[in-house]
Each structure stands twice: as C-alpha cells, then as structure tokens.
Amino acid sequence: MSEQNKTVVRRIVDEHWNERNAAVAAELFTDNCSLQTPDGPLNGHEGARKLLSAYETGFPDFHLTIDELIAEGDKVAFRYTFTGTHKGKFGETAASGARVTATGMGMYRIVADKVAEGRLEWDRARLQEQIGAAKSAAKPVLQPA
C-alpha cells in the first residue's frame, strides 16, 4: 500500500504540477479533500486546481522536484524543491523576471488512491523575497560558530 500511495504523490507532482494538468485533479484528490497551505485552506478538486493556477500564472515555467518521499500506512510525506521564473502576476506582485528557488514539505493522507487530506508548507517568505514582494528574510536566531 505504501508504494501505491507514493505513486499517487508522484502523479500529483509529475502530472498535476509539472505537466500543468488541472483535469487530473479529479483522479488524484477526493471531492471533499482538505488542503492546508501557506496560501490558505483549499478544498476539493477546485482547490487543487486553484493552487495550480496561481503558481502557473506567476511562474509559467516552474518545476517541482521530489527530494525525499516516505510512506507509512495511509500517509505520504515528501520534501521538494520548486524552481521557476516570475513571469506573471503572483498575488499582488507584478512579474519581476526573477529566477526563484524555494523548498517545501508536505504530508498527504491517501484514501482509495486519492488525497483526502493534505498539509503543505513551503518557504513562502523566501519566495516573496526573491520576487521583491517582501523585505529580506529575518536573520537566523542562531548564528554559526
């Protein structure tokens, strides 16, 4: 079951995100799926499509790379890297042309080969900093020795 659940997450990254296939959301997310993201809560297929659309508009050449993928029972955890060029409006920020890199992590609960629940986190502050939408990120609390 764990390998089967990993396949669902790989399809989300490869087909939904990297291939920009919004239609596949109906195959990969339950009708009442709950997604918690730094951009706010999203629900169902439409929520998954809405998130894809926002990032596709702002970063039309974006690409996600899975850095780690771990599954146990009905849960799949993953760490990824997002790269892209800010060529379109992203939220309230006009295109800057900046090349960006951000990292993130997520955990999905899979039921019958579909995501029923997801919690996604990514370095939104760093992404906004790179496109000029936020001031430089705060210095770390701990400085290297």
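These numbers were taken from a predicted model, which means no experiment stands behind them.
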Minimum-distance pair of heavy atoms, taken over all atoms of L120 and P38: O-CD, 3.2 Å

Contacts of type side chain to side chain donor-acceptor pair (under 3.5 Å), residue N43, not counting sequence neighbours: none

Distance in Å, T101 OG1 paired with F82 CZ, rounded so as to fall on 0.5 Å steps: 9.5 Å

Side chain proximity check, R79 to T103, heavy atoms < 4.5 angstrom: no

M105 reachable from Y108 in the ILVMFWY side-chain graph, under 4.5 Å edges: no

Non-hydrogen side-chain atoms of C33 and H45 separated by less than 4.5 Å: no

R20 to Y55 six-membered ring, cation-pi geometry met (6.0 Å, 45°): no

Test log, rule side-chain contact (heavy atoms from CB on, under 4.5 Å), inputs D67 and F78: CA-CA 7 Å; D67 300 317; F78 60 104; over 6 Å; no

Side-chain donor/acceptor of Q130 to backbone N/O of R126, under 3.5 Å: yes

Salt bridge (Lys or Arg N to Asp or Glu O under 4.0 Å): pairs with one or both residues in residues 24-36, sequence neighbours excluded: R11-E27

Side-chain donor or acceptor of S53 paired with backbone N/O of R49 under 3.5 Å: no

Within-4.5 Å side-chain heavy-atom neighbours: N5 and E3: no

Stepwise side-chain contact (heavy atoms from CB on, under 4.5 Å) test for F59 and I131: CA-CA 11 Å; F59 306 90; I131 64 173; 4.1 Å; yes

Nearest non-hydrogen partners of L42 and K50, listed with the distance: CD2-CD, 4.2 Å

Distance flag, aromatic centroids of W122 and Y80, threshold under 6.0 Å: no

pair E56-F62: side-chain heavy atoms closer than 4.5 Å: yes

Beyond-backbone contact of M107 with V76, side-chain heavy atoms, under 4.5 angstrom: no

side-chain contact (heavy atoms from CB on, under 4.5 Å) assessment of H16 paired with N21: CA-CA 5 Å; H16 180 69; N21 185 351; 5.7 Å; no

Can you give each donor-acceptor pair under 3.5 Å made by side-chain atoms of residues 87-97, sequence neighbours left out, with the distance rounded to 0.1 Å?
unit_1, atom_1, unit_2, atom_2, d
S96, OG, H86, ND1, 2.9
S96, OG, A98, N, 3.1

Close side-chain approach of T85 to V100, heavy-atom, < 4.5 Å: no

Residue pair F29 / I12, side-chain heavy-atom distance below 4.5 Å: yes

Non-neighbouring partners of Q36 that pass side chain to side chain donor-acceptor pair (under 3.5 Å), sequence neighbours left out: S34

Partner set under side chain to side chain donor-acceptor pair (under 3.5 Å) for E72, not counting sequence neighbours: none

Side chain to side chain, T81 and L64, heavy atoms closer than 4.5 Å: no

Kindly list each side-chain donor-acceptor pair under 3.5 angstrom involving residues 110-117, sequence neighbours excluded, with atom names and distances?
unit_1, atom_1, unit_2, atom_2, d
D113, OD1, Q4, NE2, 2.6
D113, OD2, Q4, NE2, 3.0
K114, NZ, A26, O, 3.1
E117, OE1, R109, NE, 3.1

